[in-house]
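Presented below is the structure to which this report refers.
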2 protein chains.
Amino acid sequence: MNSIRKKGSFAELDETDEIIIKLLQKNARLSNKQIAAEAGIAESTCSERLRKLERNKMFFGFHAFIDSSKLGTNIEAMVSIKLTKFTKEVMEDFKSSMKQLPEVVSIYHMAGYSDFLLYIAARDKDHLRDLIMDHVTKDYVKSVETSLIYDFNFNPLFPIYLDHDK
Amino acid sequence: MNSIRKKGSFAELDETDEIIIKLLQKNARLSNKQIAAEAGIAESTCSERLRKLERNKMFFGFHAFIDSSKLGTNIEAMVSIKLTKFTKEVMEDFKSSMKQLPEVVSIYHMAGYSDFLLYIAARDKDHLRDLIMDHVTKDYVKSVETSLIYDFNFNPLFPIYLDHDK
DNA sequence: CTTTTTTTCGAATACTATTCATTGTAAGTG
DNA sequence: CACTTACAATGAATAGTATTCGAAAAAAAG
């Protein structure tokens with residue numbers, strides 16, 4: 001025990017855990033009974049394993065994905081940001097202000113061409129413009145480049161790269 | 001009845017529906033009882049409303065978000081793609097091939113600087129390089145620009161822009 | 001091989017979801 | 001503004017699901 005692989009990072013995850021994780025990636029509202037049946041284990045075992053996975057902070061969360069067209073969102077954009085300063089303080093300040101904006105769905109902190117990518121969902125083009133001008137642009141923001149998103153696609157099965165070598 | 005607003009798009013969503021949706025955006029594994037308590041309605045009413053929301057295809061799905069560091073993913077990248085052709089066939093071909101790759105977590109179809117943005121989660125840099133060269137680059141792909149992602153942040157409360165004017 | 005620890009299991013109990021008859025509320029009609 | 005009709009909400013009863021717990025099995029440690 002206590003190998004580097006087992007210390008907090010991945011590990012102690014067996015094939016059954018992987019099945020449980022994949023099932024919940026696909027459908028987070030599955031009942032314990034359904035998961036147990038698909039994994040081929042007893043219900044009590046299944047709920048115990050689930051509790052253990054949660055204790056080990058395997059899950060960041062379980063979220064409903066909504067049809068945005070039914071929520072009044074009519075425009076989605078990717079906004080590419082370059083900053084003038086690269087201190088940790090500035091980076092963190094920008095990130096935490098962006099987290100506060102409900103319109104900002106995803107924040108990618110990048111290395112390369114831009115410093116941040118923001119996935120923004122707005123009511124309409126006026127709302128988008130006002131949001132960017134009033135809340136995204138800051139004195140330490142060097143450039144802002146907005147691109148329209150035609151279509152967004154999410155794969156719930158975030159890949160799992162574990163070798164069950166034993 | 002039968003106004004444009006009510007036909008399939010948003011509508012007939014009241015404040016209680018909004019509460020239910022927001023609760024499930026934050027935590028998709030909430031029990032019906034918990035949702036009912038927070039929304040201040042009877043359990044039977046709550047499960048009926050939930051069934052109705054599902055019937056109206058309000059939810060794309062409910063997904064577990066996993067701590068990627070525990071799954072053997074050591075590198076995440078945003079890959080910006082430009083194509084040589086812009087026919088619907090080429091676009092759709094590219095999109096559907098990308099959907100097949102488990103490493104591709106999100107696909108953004110864009111208007112503007114690039115045609116597609118791909119959020120990719122890979123084991124390591126070799127895996128990333130091989131994946132891009134072997135499966136992302138196609139004969140109709142003009143350019144590929146890869147940027148490392150330091151950090152990704154997701155806001156589960158996708159914004160809701162409905163006016164409950166009545 | 002024996003001991004200790006951990007994991008699994010199923011039956012019992014505790015809890016939760018759904019059904020359904022009833023009541024209440026809002027919208028359509030003369 | 002009564003009256004009708006349709007729809008939504010309620011709680012009690014039933015059906016179904018989750019958790020607890022003692023026993024047994026399996027895995028790890030000595």
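Residue numbering restarts at 1 for every chain, and letters A, B, ... go by the order of the sequence lines. Here the structure is a predicted model, which means the values were calculated and not measured.
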Do NZ/NE/NH1/NH2 and the carboxylate oxygens of B/K52 and B/E48 come within less than 4.0 Å? no
Can you check the B/N56 CG to D/dA8 P distance for me, whole Å? 11 Å
The ring-ring contact (aromatic ring centres under 6.0 Å, His included) partners of A/Y119 (sequence neighbours excluded) come to A/F152, B/Y108
Do B/S97 and B/H135 come within less than 4.5 Å of each other through their side chains, counting heavy atoms only? no
Which residues satisfy the salt bridge (Lys or Arg N to Asp or Glu O under 4.0 Å) test with A/D139, sequence neighbours excluded? none
Any residue meeting ring-ring contact (aromatic ring centres under 6.0 Å, His included) with B/F116, in chain and number order, not counting sequence neighbours: B/F94, B/H109
Once you round it to whole Å, what is the distance between P of C/dT6 and CZ of A/R55? 12 Å
Bend angle of the helix from C/dC1-D/dG30 to C/dG30-D/dC1, from helix axes over five pairs at each end, nearest 10°: 50°
Listed partners of A/H127 passing ring-ring contact (aromatic ring centres under 6.0 Å, His included), at least two apart: B/Y161
Here the distance between atom C1' of C/dT16 and atom NZ of A/K33, to the nearest Å, is 13 Å
Protein-nucleotides 23-27 of chain D N/O pairs under 3.5 Å:
none

Numerically ordered, the residues 21-29 of chain A set in heavy-atom contact under 4.0 Å with DNA chain C is none
Would you be so kind as to tabulate the donor-acceptor pairs closer than 3.5 Å made by side chains of residues 77-87 of chain A, with sequence neighbours excluded?
from	atom 1	to	atom 2	distance (Å)
A/S80	OG	A/S114	OG	3.3
A/T84	OG1	A/Y140	O	3.1
A/T87	OG1	A/V90	N	3.3

Sub-3.5 Å donor-acceptor pair from the side chain of A/T73 to the main-chain atoms of A/S69, do we have one? no
Write down the distance between CD (B/E38) and P (C/dT16), rounded to a whole number of angstrom. 14 Å
Rounded distance in Å - CD1 (B/I35) to C1' (C/dT18): 15 Å
Would you kindly give the CG-to-P distance between B/N32 and D/dA9, to the nearest whole Å? 13 Å
A/R49: partners by side-chain hydrogen bond (donor to acceptor under 3.5 Å, both in side chains), with sequence neighbours left out: A/D14, A/D17
Rounding to an integer number of Å, can you tell me how far A/E15 CD sits from C/dT8 P? 12 Å
Identify, residue by residue, the members of residues 41-53 of chain A with a heavy atom below 4.0 Å from DNA chain C, and return them in order of residue number, or none. A/I41, A/A42, A/S44, A/T45, A/R49, A/K52
Which residues pass the side-chain hydrogen bond (donor to acceptor under 3.5 Å, both in side chains) test with B/E145, not counting sequence neighbours? B/Y113
What closest approach, in Å, do A/A111 and B/S147 show between heavy atoms, and which atom pair accounts for it? O-CB, 3.4 Å
Separation of C/dA27 P from B/D14 CG (nearest whole Å): 12 Å
Can you sort out the partners of B/D124 under side-chain hydrogen bond (donor to acceptor under 3.5 Å, both in side chains), two or more places apart, ordered by chain and number? none
Can you tell if the side chain of B/I149 reaches within under 4.5 Å of the side chain of A/M110, non-hydrogen atoms only? yes
